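First up is the structure itself, then whatever we jot down about it.
Remember, predicted model here, so these are calculated numbers, not experimental data. First the proteins, then the strands, lettered A, B, ... as listed; each starts at 1.
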There are 2 protein chains.
Amino acid sequence: MKQTGKFSLALHTLGHMALDPTRPRTSEELAAMHGTHPVVVRRVLGPLRAAGILLSEKGHGGGWRLARPAEAVTLEEIYRALDEPFLTPIAFAPAPGHPCAIEAAMAGTVAAALTEAEAVIARHFAARSLADIARALPPAGSTGAAPGQNCQVSASPAPDSPL
Amino acid sequence: MKQTGKFSLALHTLGHMALDPTRPRTSEELAAMHGTHPVVVRRVLGPLRAAGILLSEKGHGGGWRLARPAEAVTLEEIYRALDEPFLTPIAFAPAPGHPCAIEAAMAGTVAAALTEAEAVIARHFAARSLADIARALPPAGSTGAAPGQNCQVSASPAPDSPL
DNA sequence: TATCACGCAACTTATATAGTTACATGAAGC
DNA sequence: GCTTCATGTAACTATATAAGTTGCGTGATA
């Protein structure tokens, strides 16, 4: 994950699971898809398991699976579970013992704008499920990757790699 | 500036200038108001000068002044001039030579949500001028600071201070 | 000409995120 | 039972960004 953020990793990997929910994916597999480290994948997906969106199993044949059908998982749930708001928690930090009516008024106006924007984002994500995204995928080949075979990592682990 | 951000510093200092546009303020004065360093103030206000919102003058009696009446400065202008978007530039960074239709679809959905939210914020700020904020200030004393004397720094430079 | 204040570059520090390593736990297969 | 596989978690390192700081140059005023 090269300065990418939790949300993009989550959407990317959950998207793959939604498109083919039958088999579980290992952290290693998902990490290779996204170009990051397996531990990072576990760190990001952990909260989604806690939120009841994913299941994880250890041992042979283990890995990550959707806990529910893709139709029943909205982007907003994912967004909330990750607790990584897009909106910079604008930092009006009035110095302690240093009250200022002007600063307070500015902070209020900014907070109002951010609250509005947050609501817009939440509404947008709440209206979209993982299945919606998967359904809207372009047909095979039009983006250089087949829909069922995107990020074909496990298919070709690079012949020169010792793995 | 304790992890505060450029925007809060800008709004705070411009708010003071809007409330009393007659005299210029030095970087040092503004820095003391906001609890930061004069150089930081210059760094933040510089782009506002470039945007035609502020004027700065050197030498005796110099400092920062509004380039226009407070009625003619919207918060949106300030927001844009600072180039510090509230919305985390969500980083879907598809690895080069690693196209993935799923990732692309997710990125598109997120981008749409962020674009909507940006518009909401811009509209909110565009509807408010510095004068609007100043006008809405509570009467003296209700917040522990008089409207014309908020952040009373220059008034009492602390008797024990050699400044 | 001395002082004041901005302009700017460079350096230091602080913080957050990502990446990595190491080890423990639990499940499946032999 | 033992080995292998996979997650769970803690701890450490590396890197990027923002803030804070120092120093020096420039222009304007007294």
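Nucleotide D:dT17 holds its C1' atom 15 Å from the CG atom of B:D83, rounded to whole Å. Atoms CG (A:L82) and C1' (C:dA18) sit 16 Å apart, rounded to a whole Å. Rounded to whole angstrom, the span from the CG atom of B:L30 across to the C1' atom of C:dC6 amounts to 12 Å. Between the CG atom of A:L54 and the P atom of D:dT7 there is a distance of 12 Å, rounded to whole Å. Taking atom CG of A:L45 as the reference point, atom C1' of D:dG8 lies 13 Å away to the nearest angstrom. Rounded to a whole Å, the NE2 atom of A:H34 is 13 Å from the C1' atom of C:dT17. Distance, A:H37 NE2 to D:dA11 C1': 14 Å, rounded to whole Å. The CZ-P distance, from B:R43 to D:dT22, rounds to 13 Å in whole Å.
In this model, the phosphate group of D:dA19 is not approached by any side-chain N or O of B:T36 to a distance below 4.0 Å at OP1 or OP2. Proximity of A:S56 to the phosphate of D:dG8: a side-chain N or O atom is located under 4.0 Å from OP1 or OP2. Taking side-chain N and O atoms only, B:S27 has a distance below 4.0 Å to OP1 or OP2 of C:dC6. For C:dC6, the OP1/OP2 oxygens have no side-chain nitrogen or oxygen of B:R49 closer than 4.0 Å. OP1 or OP2 of D:dG8 has not a single side-chain nitrogen or oxygen of A:R42 nearer than 4.0 Å.
With hydrogens and angles ignored, a donor-acceptor pair under 3.5 angstrom links the side chain of A:H60 to the base of D:dT4.
Cluster membership for A:V120 and B:V110, using ILVMFWY side-chain heavy atoms within less than 4.5 angstrom, is not shared.
Of the two residues contacting DNA chain C, namely B:T26 and B:V39, the nearest-nucleotide position lying further toward the 5' end is that of B:T26. Taking for each of A:K58 and B:E57 the nucleotide of DNA chain D with the nearest heavy atom, the 5'-most of the two is the partner of A:K58.
Within 4.0 Å of A:G61, counting heavy atoms only, lies no atom of the nucleic acid at all.
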